[in-house]
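Report on the following structure.
Quantities reported herein were computed from a predicted structural model and do not represent experimental measurements. Naming: A, B, ... by sequence-line order, numbering from 1 per chain.
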Protein chains: 2
Amino acid sequence: MHQSNDYFMTLPERTVERLSEYRRSLLQCLEEGKTHIFSHELANLHHNTAVQVRRDIMFIGYTSMQRKGYDVRELVDVIGEILDSEMGLNVAVIGIGNLGRAFTTYFVGKRSKLNIIATFDVDTTKIDRVISGVKCYPLSRLKEVVETHQISIAILTVPADSASEVAAQLVEAGIKGLMNFTTIPLNVPNEVFLDEYDMITSLEKVAYFVKSPRE
Amino acid sequence: MHQSNDYFMTLPERTVERLSEYRRSLLQCLEEGKTHIFSHELANLHHNTAVQVRRDIMFIGYTSMQRKGYDVRELVDVIGEILDSEMGLNVAVIGIGNLGRAFTTYFVGKRSKLNIIATFDVDTTKIDRVISGVKCYPLSRLKEVVETHQISIAILTVPADSASEVAAQLVEAGIKGLMNFTTIPLNVPNEVFLDEYDMITSLEKVAYFVKSPRE
DNA sequence: GAAATATTGTTAATTAAATCACAGCTTCGA
DNA sequence: TCGAAGCTGTGATTTAATTAACAATATTTC
């Protein structure tokens with residue numbers, strides 16, 4: 001009933017994002033006892049069209065029972081095969097201020113193949129404390145801890161003035177993916193996947209479109 | 001020396017974002033006493049190409065002294081004319097947990113045409129306290145405060161289970177732009193500009209590309 | 001069991017964004 | 001003063017993402 005494409009192929013970035021979102025809605029459906037779902041229903045749960053949903057699902061090679069909609073359980077599993085790593089990935093949060101805590105708290109308790117297993121900070125009063133269930137290490141031990149715990153993803157929420165330096169240390173420590181929440185654009189080698197989110201830019205964008213609506 | 005296009009035209013979304021980022025780099029340049037900048041220099045500060053920078057600047061109708069690079073001061077001003085509203089816009093943060101505080105703190109003290117002038121929460125211990133310089137109101141007074149303070153943008157950082165309800169109240173209160181940081185996709189009328197950022201999705205995306213690098 | 005209906009999977013068309021390619025100024029060096 | 005070099009501004013092209021259009025298929029209805 002499903003057939004994953006055996007030759008290698010990376011998905012479009014936006015499709016990956018949507019799959020992650022679909023999965024969460026689908027899990028919600030399961031909890032509510034819903035076993036099948038139509039493309040237009042899934043589309044309505046996001047702001048999105050039925051065609052887009054079908055196209056995304058086509059990308060991952062899943063195919064439904066015609067006319068009954070998609071089997072929710074199966075679809076969740078197939079998305080899992082695509083998004084998750086077999087053995088899970090370890091994640092660290094660097095800088096445990098408000099944003100770092102927000103992120104950590106959001107994640108803890110979520111069933112997931114992504115485990116936040118360490119936080120780091122320079123503030124000595126935080127060191128060795130357990131925040132949202134995760135132990136805080138001093139930044140000076142970054143490389144050591146990243147290596148011993150095989151941490152492959154880092155969430156960077158340090159103050160702007162240390163962003164570049166810490167990012168360099170992370171790369172040096174062998175991190176593979178980096179989410180940058182600071183307002184400093186980072187340069188990392190090509191093999192490190194970098195995702196940047198800049199709150200100030202996002203807010204200024206919203207402001208622009210509030211001022212100048214399209215159409 | 002500069003000529004803004006007098007007929008109306010909204011910019012591409014990505015261009016708006018980059019302009020916001022350029023402006024911050026440019027302000028940094030000013031502080032360092034740098035008065036002119038070449039497109040390739042600005043490109044290097046972001047991870048970006050010189051053509052892209054020139055194209056973005058072309059969109060806003062600014063044109064440099066040939067061969068001297070762009071006048072930093074002028075460029076900052078022109079970007080300001082595009083992005084900023086004359087009289088500024090008022091912003092509220094809804095839900096003052098870790099994320100709400102992170103956002104508020106980031107913003108306070110930033111010279112800007114965007115003023116965070118209220119926060120809201122249900123937690124009665126927070127009401128009337130001043131957090132990062134901004135007063136916290138009870139959610140029950142949302143509509144009243146939004147109207148009297150002419151708040152046009154809201155940052156939604158409430159827990160998932162109240163997201164939809166609060167969003168509806170915001171729309172009802174006449175908000176014009178909404179940044180959704182909850183993991184619940186929202187439906188708002190077309191005239192409200194909606195920007196969604198989902199941390200879980202972003203992290204899952206990074207994980208996917210760490211697992212399956214492109215090329 | 002034939003016609004009408006609902007939904008998927010996919011090819012083709014469209015739109016949006018990024019990149020290429022190059023003409024045209026300006027300044028510099030001789 | 002002339003040629004070379006360095007950047008900009010922009011039309012043309014390419015690439016990526018979205019949307020339209022529709023044939024194929026399963027289900028229901030009569």
Please give, in whole Å, the distance from [N] [atom2] to [X] [atom1]?
{"X": "A/F59", "N": "D/dT19", "atom1": "CZ", "atom2": "C1'", "answer": "13 Å"}
{"X": "A/Y62", "N": "C/dT10", "atom1": "OH", "atom2": "P", "answer": "14 Å"}
{"X": "A/I60", "N": "C/dG9", "atom1": "CD1", "atom2": "C1'", "answer": "14 Å"}
{"X": "B/E13", "N": "D/dA17", "atom1": "CD", "atom2": "C1'", "answer": "14 Å"}
{"X": "B/L11", "N": "C/dA18", "atom1": "CG", "atom2": "P", "answer": "13 Å"}
{"X": "A/Q52", "N": "C/dT10", "atom1": "CD", "atom2": "P", "answer": "16 Å"}
{"X": "B/R14", "N": "C/dA17", "atom1": "CZ", "atom2": "P", "answer": "9 Å"}
{"X": "B/E41", "N": "D/dG6", "atom1": "CD", "atom2": "P", "answer": "14 Å"}

Within less than 4.0 Å of OP1 or OP2 of [N], is there a side-chain N or O belonging to [X]?
{"X": "A/R18", "N": "D/dT18", "answer": "yes"}
{"X": "A/Y70", "N": "C/dG9", "answer": "yes"}
{"X": "B/S64", "N": "D/dG9", "answer": "yes"}
{"X": "A/K68", "N": "D/dT27", "answer": "yes"}

Original post:
Strictly by modelled atom types, are A/Q52 and A/H46 linked by a side-chain donor-acceptor pair under 3.5 Å?
Top reply: no

Original post:
Are A/D56 and A/T15 close enough that a side-chain donor and a side-chain acceptor fall under 3.5 Å?
Top reply: yes

Original post:
When we call it a touch if two heavy atoms are under 4.0 Å apart, what does A/S39 touch: a base, just sugar-phosphate, or nothing?
Top reply: sugar-phosphate

Options [options], nucleotide nearest the side-chain atoms of [X]:
{"X": "A/P12", "options": "C/dA17, D/dA17, D/dG9", "value": "D/dA17"}
{"X": "A/T63", "options": "C/dG9, D/dT19, C/dA21", "value": "C/dG9"}
{"X": "A/M58", "options": "C/dT7, C/dG9, C/dA21", "value": "C/dG9"}
{"X": "B/R54", "options": "C/dA21, C/dT19, D/dA17", "value": "C/dA21"}

Original post:
For the base of C/dT10, is there a side-chain donor-acceptor partner from A/R55 under 3.5 Å away?
Top reply: no

**OP:** Assess whether atom CD of A/E32 is packed by more than 12 heavy atoms of other residues, nucleotides or ligands within 6.0 Å.
**Re:** yes

Original post:
Around atom CD of B/E13, are there more than 12 heavy atoms of other residues, nucleotides or ligands at under 6.0 Å?
Top reply: yes

Subject >> Geometric class of the A/Y197/B/F181 ring pair [parallel <30°, tilted 30-60°, perpendicular >60°] >> reply: perpendicular

